[in-house]
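Note on naming: letters A, B, ... go to the chains in the order of the sequence lines (proteins, then strands), and numbering restarts at 1 for each one. As a basis for the values below, the full set of heavy atoms in this structure was taken, side chains included, without hydrogen atoms, waters or symmetry mates. Because the structure is predicted, anything quoted here is derived from the model rather than measured.
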There are 2 protein chains.
Amino acid sequence: MTRRLSQARERGIPEATVARLPLYLRALNGMAERGVSTVSSEDLAVAAGVNSAKLRKDLSHLGSYGTRGVGYDVEYLIYQISRELGLTQDWAVAIIGVGNLGRALANYGGFVSRGFRVAALFDADPEVVGDHIAGLNVEHIDELEAVIRRRDVSIVVIATPAAAAQQVCDRVISAGVTSILNFAPVVLSVSDDVDVRKVDLSIELQILAFHEQRKADRMSGGPVMAEEWPKSVDLSISPDVLGSLGSVPSVRPTDDGEAR
Amino acid sequence: MTRRLSQARERGIPEATVARLPLYLRALNGMAERGVSTVSSEDLAVAAGVNSAKLRKDLSHLGSYGTRGVGYDVEYLIYQISRELGLTQDWAVAIIGVGNLGRALANYGGFVSRGFRVAALFDADPEVVGDHIAGLNVEHIDELEAVIRRRDVSIVVIATPAAAAQQVCDRVISAGVTSILNFAPVVLSVSDDVDVRKVDLSIELQILAFHEQRKADRMSGGPVMAEEWPKSVDLSISPDVLGSLGSVPSVRPTDDGEAR
DNA sequence: TAGTGTGAAGACCTTCACAGCG
DNA sequence: CGCTGTGAAGGTCTTCACACTA
């Protein structure tokens, strides 16, 4: 049995599983607060919004922490998941770009709790540098490398305008950071020892719009399977197609939805 | 060939493809702005940060819009993708919860462009109701259903504290909304004709922390495959394990990282 | 000839269903 | 008995590699 456990933890928890562990953790914390001490995969799955077989398989990647016929011990699971996610240490986070979004993030409560600590704020605008936000001084971006090293920042949140993001990204990487959460609407190019995760408002909205449109089609149009496009079978783009494109309030202009 | 095209568009573009279309669109818009009129799958793939075979397969789900030996016409592809995503109409979006985050979102530029229009802001706090943000009046949450119907809102952004999110969610659904972008750190439970997408800060950070920890282990510990847990092989949680848990600055307290 | 569109192979993920254990 | 842990089956997504064509 020890055999199987070490095998399980050995190398590599599937990425899909890693992405769900925080959900389980949150659900478990809620239960712990409500005084629940034991939970079945079924109940925990419901609380986390997943299928219970999936939950069991996910947990089995961490080890065999349940008790057959009983369920999982809430506190113990919390500890194991926290440990696996690296939340038993705390991580110094820097936020770069203190515009609307950066400010909101700095003040965001759920940040500070749970193993993350905002350790530095940066901006390029002399107007903002020196401001006091969420108990922190906004530093000038020139200090980036020095401060990151000094305060041992290991995770950086990029909340700059799109145009600045790649440059900022390169600089934090050269300062030794390998984990980046990017709010700017650009694809950052990095070498593959660097982890980038991206949060992108307009992409999420566009995905919703796609499905919303589908639903609308299904209602009115029914399964009509309407004609393909405005008939211009060859590639030449007839002026009126582009015209109709232009007349839509903003199909193309300024994608650079600034992240600040 | 027309046969194949209609088949392709017929039912269902894979979800993974839908999630990437906005990326392609953004890359294409950048190119169009720079005056590029034609692009190969290879170049577009690089710009969007994906593999070119994947890009071609993705685009093939929309139809056969490329020219062999040449590439894709930038403007035409922009039109087709915009159309597929439903961006040739514009969508009225409401933001609920005008705290830090809600404010930042309301002021977020990339929102307004590109087919989305913030049509209403709501909050429960009488203190904020009546405020003027980004050219909009903040309405009281009591007006929710009426205003949503009146202004034909079809996408709702929830930026309330966690505790309020489910209730708000139920109300917007009862008002006929079926597309929700949720920033509150809770799993919303909805019937499956409703699309919910979720943006969750602390989950993203936790995923980064996981990988960061792995990288750190690999460095120092090397491939040591250290001993499992603090030796307590049975489920009984030895007091010192819990003790060490408690001593960590915040492994558990207040997960309710309020979204405002 | 350069580059798309796509079968086929394979990696990854989910779900089922049940053996096996506490 | 009840519930976990997991083989096996079935999906979905990615990637390769090349036939095909403008």
Each nucleotide N or O in nucleotides 9-12 of chain D that has a protein N or O under 3.5 Å away: list the pair and distance.
none

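- Counting heavy atoms from C-beta outward, B:Lys198 and B:Ile203 have side chains that approach closer than 4.5 Å.
- Of the candidates D:dG5, C:dT15, D:dA22, D:dA22 carries the atom nearest the B:Thr67 side chain, counting heavy atoms from C-beta on.
- At least one side-chain heavy atom of A:Leu59 sits less than 4.5 Å from a side-chain heavy atom of A:Ile81.
- In terms of phosphate contacts, A:Ser41 brings a side-chain nitrogen or oxygen within less than 4.0 Å of OP1 or OP2 of D:dT4.
- Of the candidate nucleotides D:dA8, C:dT4, D:dT15, D:dT15 has the atom nearest to the side chain of B:Lys57.
- To the nearest 0.5 Å, the span separating CG on A:Leu44 from OG1 on A:Thr38 amounts to 12.0 Å.
- Rounded to whole angstrom, the span from the CG atom of A:Leu55 across to the P atom of C:dC13 amounts to 16 Å.
- Judged by distance alone, with hydrogens and angles left aside, A:Arg68 brings no side-chain donor or acceptor close enough to the base of D:dG2 to form a pair under 3.5 Å.
- Aromatic pair A:Tyr65/A:Tyr72: ring centres not closer than 6.0 Å.
- Distance CD (A:Glu42) to P (C:dA17): 15 Å, rounded to an integer number of Å.
- Between D:dG5 and A:Tyr72, a contact under 4.0 Å exists linking OP1 or OP2 to a side-chain N or O.
- Protein atom CG of B:Leu77 is 14 Å distant from nucleotide atom C1' of C:dG3, rounded to whole Å.
- Across the protein-nucleic acid pair, A:Leu62 atom CG and D:dT4 atom C1' stand 14 Å apart, rounded to whole Å.
- Residue B:Arg56 places no side-chain N or O under 4.0 Å from the OP1 or OP2 atom of D:dA17.
- Both B:Gly69 and A:Asp58 sit near DNA chain C, but only B:Gly69 has its closest nucleotide nearer the 5' end.
- A straight line from CG of A:Asp73 to C1' of D:dT4 spans 15 Å, rounded to a whole angstrom.
- Taking atom CG of A:Asn51 as the reference point, atom P of C:dA17 lies 12 Å away to the nearest angstrom.
- Listed nucleotides: C:dT15, C:dG3, D:dT4. Nearest to the side chain of A:Ser40: D:dT4.
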